[in-house]
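Please read all numbers here as calculations on a predicted model, not as lab measurements. Just so we're on the same page: letters track the sequence lines, and every chain starts at 1.
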Amino acid sequence: MTQVFASTLVLASLYALVGVGYVLIYRASRVLSLAQGDLMMFGGYALFAASATLAVPPLVAIGLALGASFAAGLAIYVVLMRRMAGHPVFAAVLVTVSVGILLRVVVVLAYTDEIRHPAAAMAIANPPIALPGGAAVSTIDALTVGAAALVLTALYVFLRGSRLGIRMRAAGERPLLAAQRGIDFRGVFALSWALASLTGGIAGMLYATNVRLEPGAGVIGLRAFAVVLVGGLDSLGGVLPAALLVAAVEVLTVRYGNPLLADVSPFACLLVMLLLRPWGIAGTREELDRV
Amino acid sequence: MRLSMIFACAVLLCCSAAPAATAAEPYRLGLSAAITGPAAGTYAPTFDAYKAYFKRLNDAGGINGHLVEILYEDDRGEPSRAAATAKKFAEGVSAIVVASTSATYKPFMTESETDKVPLIFGGGVCPKEAFPPAQPLVFCSTSFGAQWDSRFAVPFIKREAGGRKVKVGFVAQNIPISQSEMEFAEKLARESGLESIPVVVVPGGSADLTPFAAKLKEAGADWVLSWAPWPLEIGVFEALSRIGWNGSYLLYAHQQAQADLTRLKAPNLYAFGGNALFTENLPIHQQIRDAVKGQTAHPADYMAEGWVSAMAIEQALRQCGWPCGKDKLAQALTTVTVDTKGLRGGPIEWSADNHYRKSTYYKIYRWDPAKNAITSVGDWTRLEVK
């Protein structure tokens, strides 16, 4: 049972790291970014590029990859999404789909379809850590949980306590009032894209170092999308309980149910939530119409 | 008089042009591979191996004075694309070569049967139609085959157990051929007195393999056998390692085996397969390295499957002579005996009713920490395919 709990926590942390990106962008700009999974994959490849191609020390590689993830989000907003202002949201969503496809093509051209292993490139060991009850997690599993806790806490503090964070919330919650107060919308949107890309990138780096890296790794983003819909698309607070719920259902399905249903379990959770509470665990009821 | 002169000139022109046209006419084959898509990591290197092999062959003048023209199509491992490709190939080629996922096989089989075109599987798992009694037009050179690999793997585990009571777990991907092979292996294990754990079937797209690994660990598996696409085979082993499992793991050595055995340096990971790893540094390995240099983005040690298949095709074309139609080539394929020059444990021999091989050979490799290198566990083991 301890192993079930540990596996759930690790998987939930991964989903939470990817999921907050969806919420950050949606809250700020009301755009549903379907490139979030591919931004996660991009973070993994950025780490691999830094460690294998540039052959820099691991800490430098991690720093470069974090920078590349942040810059990618910023660039996507500046080059593409900014131009979508005034267009239907549907068109903006399609642009994010295209961005995802483009990112996949770029990594295939650069690194082919082969599976890559940044941990090997950085010569990082990933030994298991024994837990009570005979359970164990890998070192990077533990780091994933730590990273998720850190990112969620930092975002909470940033959005609640910092001037910029309050502006971001204001722009998301009361756009008209915020505009009248002179809040720089473009800056807020750019920051939300950069932060979303960064959190996705962190998830990608951890996953790639722990498991493997391949162009299709972004498919995890689809499951995280189910997580944020379960939590409430406009609610950062809903991400964590939803991630825990979806991950628990997935892990329990493998352990005690039919493992073949594990793949669809996040979407089964989503269906149940849509039937019972369509706006999610902590989402706003009015957001439903907009989606 | 003038008319007869023109006629004579025309006849002369035709006569002189005819042999030139024949000489320029190539052997034409269709090759469908999963060059892109989710399975590309496995099949794109095989595609590159075919390209490099036939480029080298054509640079040397071709076969029987004719070049070999390969029409390439990317089926992405998707049945719908495979169906379109099969139709496209059926009319204009002497044989269709398939290096793709088993999901694409059905459309090729249907088209092969309809248009009586020989079908050669090289790189993807061998279909049962190639095993004795084989269907007349289906051939397979791939090193791995259902129902045979487990006949080697399970006795190996029993031998390694050395009389100790061991529990064996089995890992399959949720594709029919992988599942049925592991169910077959479980049955063999039970029959040979090993204690077995029910097969753990893993969905191909699983992001986190830890829950599947935990299931095996908690069931008390001392050994785990996996026969599935490489990412899943190795992924479950790595997930088991991450949760501190110390048992022994046996998997089929697909093309990525050498790279991952070297990366993981795990002495409890055993890879069994039909191809000699390039760590053996045989002359043929050097030939392949030289031939693919600059031709592919993949490592040379990923090329063995495609290379062996191309060797078999070359020999069939040589035996077919010229002209070489579908029927004649199908006949020639049943007489193929390829000296694999050490890439395999022995030759590939096809006959009228056996299009897999008369004998199949296996070798096991693992990481040896003392030598800090990959070493083989024993020599080739031969199984007769009846």
Side-chain angles (χ1 to χ4, degrees), chain A residues 1-4 6-8 10-11 14-15 18 105 108-117 119-121 126-131 134-141 207 210-212 214-217 219-224 247 250-256 258-264 266, chain B residues 34-45 48 76-77 171-174 179 198-215 217-219 229-232 234-236 238-246 255-256 259-260 262-265 296-299 302:
Chain A
M1 202 58 199
T2 327
Q3 188 65 57
V4 169
S7 299
T8 300
V10 172
L11 190 58
L14 189 70
Y15 285 159
V18 185
V105 169
V108 170
L109 286 176
Y111 291 106
T112 72
D113 276 302
E114 253 177 69
I115 292 174
R116 307 286 172 172
H117 298 277
N126 186 17
I129 299 169
L131 300 173
V137 293
S138 72
T139 308
I140 296 170
D141 280 338
Y207 180 76
N210 198 26
V211 184
R212 61 173 184 254
E214 57 190 324
V219 77
I220 295 166
L222 265 183
R223 294 166 187 226
E250 197 171 328
V251 171
L252 289 170
T253 306
V254 174
R255 298 301 301 281
Y256 305 110
N258 184 346
L260 295 180
L261 296 177
D263 262 2
V264 294
Chain B
I35 303 166
T36 62
T42 301
Y43 299 104
D48 286 350
R76 290 181 55 85
V171 178
Q173 187 164 321
N174 62 336
Q179 253 175 276
V199 178
V200 173
V201 182
V202 185
S206 298
D208 184 18
L209 297 172
T210 315
F212 300 95
K215 213 170 171 172
K217 186 187 171 193
E218 284 178 12
W230 184 257
L232 188 111
I234 198 72
V236 173
E238 291 188 67
L240 279 163
S241 305
R242 283 198 296 273
I243 56 171
W245 180 72
N246 291 317
Q255 302 188 121
Q256 301 92 330
D260 280 341
T262 310
R263 175 176 64 85
L264 294 168
K265 297 181 172 42
T296 177
H298 302 282
Y302 281 40

Least distance between heavy atoms, A:P259 atom then B:V201 atom: CB-O, 3.6 Å
Can you name the closest pair of heavy atoms from A:R212 and B:G235 and give their distance? NH1-CA, 4.5 Å
Return the minimal non-hydrogen interatomic distance between B:A214 and A:R255, and the atom names on each side. CB-NH1, 3.8 Å
Rounded distance (nearest 0.5 Å) linking atom CG of A:D263 with atom CG of B:N174: 7.5 Å
Assert top hit (heavy-atom pairs under 4.5 Å, partner chain A, pool B:A297, B:A39, B:P231) equals B:P231
A quick test of your reading: do over 12 heavy atoms of other residues, nucleotides or ligands sit less than 6.0 Å from CG of B:N246? no
Most heavy-atom pairs under 4.5 Å with chain B, out of A:T112, A:V219, A:V251, A:N210, belong to A:N210
Between B:R242 and A:I140, is any pair of side-chain heavy atoms under 4.5 Å apart? no
Going by side chain to side chain contact (heavy atoms under 4.5 Å, CB included), name the residues that satisfy it together with B:P38, two or more places apart in sequence or in a different chain. none
Which heavy atom of B:S241 sits nearest a heavy atom of A:P128, and at what distance? O-CG, 3.7 Å
So which part of A:V211 gets closer than 4.5 Å to some heavy atom of chain B, the side chain, the backbone, both or neither? both
So what's closer than 4.5 Å to chain A heavy atoms on B:L240: side chain, backbone, both or neither? neither
Hey, are the side chains of B:P203 and A:L260 touching, using non-hydrogen atoms and a 4.5 Å cut-off? yes
Shortest non-hydrogen contact from B:I243 toward A:Q3: CG2-NE2, 3.7 Å
d(A:L14 CG, B:D208 CG) to nearest 0.5 Å is 8.0 Å
When B:R263, B:K215, B:E218 are compared by non-hydrogen pairs under 4.5 Å with chain A, the top option: B:R263
For residues B:D260 and A:H117, determine if any side-chain heavy atom of one lies less than 4.5 Å from a side-chain heavy atom of the other. yes
Given heavy-atom pairs under 4.5 angstrom as the criterion, report whether the side chain, backbone, both or neither of B:A207 touches chain A. both
Heavy-atom cut-off 4.5 Å, strictly under: side chain, backbone, both or neither for B:T42 against chain A? neither
Provide the closest heavy-atom pair for B:K217 versus A:A136 in the form atom of the first, atom of the second, distance. NZ-CB, 4.3 Å
Between A:Y111 and chain B, which part of the residue has a heavy atom less than 4.5 Å away: side chain, backbone, both or neither? neither
